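Presented below is the structure to which this report refers.
Since we're looking at a predicted model, the values are computed, not measured. In what follows, chains are A, B, ... by sequence order, proteins preceding strands, each numbered from 1.
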Protein chains: 2
Amino acid sequence: MDLLNEFGIPVIPDAVNTTQRKRESIIEAALAEFLREGYAAASVDSIASRAKVSKPTIYKHFGNKERLFLAVIGGVLPKTYADLEPYNSMIAEASDLRTALIRLTLDWTKLLLRDDILSLRSLVIGEIDRFPQLGHLWYRVSYEMNNAPLVNAITELHKRGVLDVPDPVLAVQQLVALTVGVPQLVKTLQPDLEIDDAELTRTITSGVDVFLARYRSASRL
Amino acid sequence: MDLLNEFGIPVIPDAVNTTQRKRESIIEAALAEFLREGYAAASVDSIASRAKVSKPTIYKHFGNKERLFLAVIGGVLPKTYADLEPYNSMIAEASDLRTALIRLTLDWTKLLLRDDILSLRSLVIGEIDRFPQLGHLWYRVSYEMNNAPLVNAITELHKRGVLDVPDPVLAVQQLVALTVGVPQLVKTLQPDLEIDDAELTRTITSGVDVFLARYRSASRL
DNA sequence: GTCTATATCAGGATAGAC
DNA sequence: GTCTATCCTGATATAGAC
């Protein structure tokens with residue numbers, strides 16, 4: 001049965017765009033459902049309803065539930081981290097290193113404490129035994145988009161004598177643990193607990209100061 | 001049909017002990033099943049098989065699947081952390097603080113990186129939206145059995161002038177993040193990745209040194 | 001208290017029309 | 001490519017015998 005518009009003229013949707021739009025609609029609905037229910041409890045029926053699409057359409061596009069899960073979660077991961085790129089490169093050039101580090105790690109922390117990202121992270125961690133690829137992907141994306149550029153910046157600062165860092169890779173892990181890691185650990189186990197901005201800033205600032213107490217070059221003190 | 005022993009004499013099991021043993025058998029089997037499959041995918045049928053018990057027995061004991069899950073996971077959590085208690089009290093009295101801190105955090109880390117505990121942690125994190133009680137319980141047990149005694153010890157060391165720690169609670173969080181947190185973050189997303197003992201020791205040692213660089217009393221340098 | 005057997009239902013996946 | 005209608009497995013939970 002064709003749809004007719006208000007003049008009685010049949011509406012023929014553009015086939016390609018419709019297909020593409022349905023595909024995106026499925027991905028959006030699936031992400032929401034998986035985040036809410038987890039993998040096993042998520043139902044393809046619910047996803048079909050949310051996406052206003054029939055079940056066979058989902059199976060034509062993605063094959064089965066596992067592939068749908070991998071495609072959806074694997075697709076959203078890189079997008080999640082894409083926001084942070086620009087900041088890293090500025091560290092090596094900053095006139096005030098302490099302020100630059102605080103700014104960087106504070107932005108990073110606020111991103112990773114967002115409810116949607118915490119949910120995504122909990123989902124990936126919870127399904128790690130069934131979908132280890134997602135754990136590796138998360139680690140790789142997180143490392144390449146964040147740690148690695150920071151390692152480069154810190155290595156550069158070491159060469160210039162601003163910092164004294166024998167193991168830059170470990171040092172960056174420690175900086176991340178000292179800043180992002182502290183509130184993340186709390187919110188991972190207690191997502192409902194609110195952390196106000198002042199406390200977050202205090203935590204991050206203190207973390208950066210611990211980092212600098214160890215790694216700032218003695219000659220600059 | 002009664003069981004007969006080798007002399008043809010019927011074996012009448014002690015009713016109370018049998019019931020208790022079945023209950024423990026269910027708990028053990030349920031824990032294994034939940035750790036393997038997660039909450040939603042775990043089947044009460046499988047648990048009954050593993051425990052060599054019929055399904056109605058499980059429902060008589062625990063009511064439903066949710067209550068079974070909460071009883072099992074909530075019961076195993078405190079046991080998990082019970083091993084660490086003795087070490088904390090020794091920090092304040094140690095002659096060599098650095099060595100004592102390394103020893104404490106290294107033991108702590110090795111415990112929390114055990115496969116069964118990592119699985120338990122991933123399970124709790126993955127089900128956090130459906131069972132927030134478990135997240136709170138984990139946080140509370142972990143804090144009371146580990147962080148709190150360490151906060152006391154560090155406060156004591158601050159009073160004695162050995163350390164200079166304006167905020168002991170935050171400082172302990174940072175110490176934990178710097179030591180346990182670094183390898184835990186890796187193993188949480190990549191459980192299969194092996195971390196050898198030498199590298200672990202190096203990581204923990206470096207973490208303690210970062211901590212002490214910031215908080216060791218200046219007068220003692 | 002514990003079992004066998006069963007009720008009841010929802011979920012993943014697909015056949016076949018259009 | 002997309003839908004309606006359906007298959008079939010496997011899940012939670014329980015009735016009733018012993």
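B:F62 has its CZ atom 14 Å from the C1' atom of C:dG1, to the nearest Å. C:dG1 atom P lies 14 Å from atom CD of B:E24, rounded to whole Å. Protein atom NZ of B:K65 is 9 Å distant from nucleotide atom P of D:dA11, rounded to whole Å. In this entry the distance linking CD of B:E33 with C1' of D:dA11 reads 12 Å, nearest Å. Between the C1' atom of D:dT2 and the CZ atom of A:R21 lies a distance of 15 Å, rounded to the nearest Å. One atom, CD of A:E37, and another, C1' of C:dG12, lie 16 Å apart when rounded to the nearest Å. The CD1-C1' distance, from B:I58 to D:dT14, rounds to 14 Å in whole Å. One interatomic measurement links the two molecules: CG of A:L68 to P of C:dG12, which rounds to 10 Å at whole-angstrom precision.
If you check every strand for non-hydrogen atoms under 4.0 Å, B:A42 touches sugar and phosphate atoms only.
How far NZ of A:K110 is from OG1 of A:T105: 10.5 Å, rounded to the nearest 0.5 Å.
Applying the side chain to side chain donor-acceptor pair (under 3.5 Å) definition to pairs two or more places apart or across chains, those involving residues 28-39 of chain B are B:E33-B:R50.
With A:S46 contributing its side chain and A:A42 its backbone, the two residues share no donor-acceptor pair below 3.5 Å. B:K65 places a side-chain N or O within 3.5 Å of a backbone atom of B:A40 that can act as its donor or acceptor partner.
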Report all side-chain donor-acceptor pairs from residues 116-125 of chain A shorter than 3.5 Å, counting only partners two or more places apart or in another chain.
unit_1, atom_1, unit_2, atom_2, d
A:D116, OD1, A:R114, NE, 3.2
A:D116, OD2, A:R114, NH2, 2.8
A:S119, OG, A:D115, O, 3.0
A:R121, NH1, A:T188, OG1, 2.9
A:S122, OG, A:L118, O, 3.1

Tell me which donor-acceptor pairs under 3.5 Å the side chains of residues 168-177 of chain A have, and how far apart each pair is, sequence neighbours excluded?
unit_1, atom_1, unit_2, atom_2, d
A:Q174, OE1, A:Y215, OH, 2.7
A:Q174, NE2, B:S206, OG, 2.8

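When all heavy atoms of B:R67 and B:F62 are compared, the pair lying nearest together is CB-O, 3.1 Å.
Considering only side-chain N and O atoms, A:H61 lies under 4.0 angstrom from the phosphate OP1 or OP2 of D:dT2.
Rotation axes derived from the C1' atoms of the five outermost pairs at either end of the helix from C:dG1-D:dC18 to C:dC18-D:dG1 lie 0° apart, to the nearest 10°.
The side-chain contact (heavy atoms from CB on, under 4.5 Å) search around B:A48 returns B:K55, B:I58, not counting sequence neighbours.
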Nucleotide-resolved protein contact map, nucleotides 3-10 of chain C, B/S/- at heavy-atom distance under 4.0 Å: BB------

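Taking every side-chain heavy atom of A:T19 into account, D:dG1 is the closest of D:dG1, D:dT12, C:dG1.
Considering only heavy atoms from C-beta on, A:L31 comes within 4.5 Å of A:I73 through its side chain.
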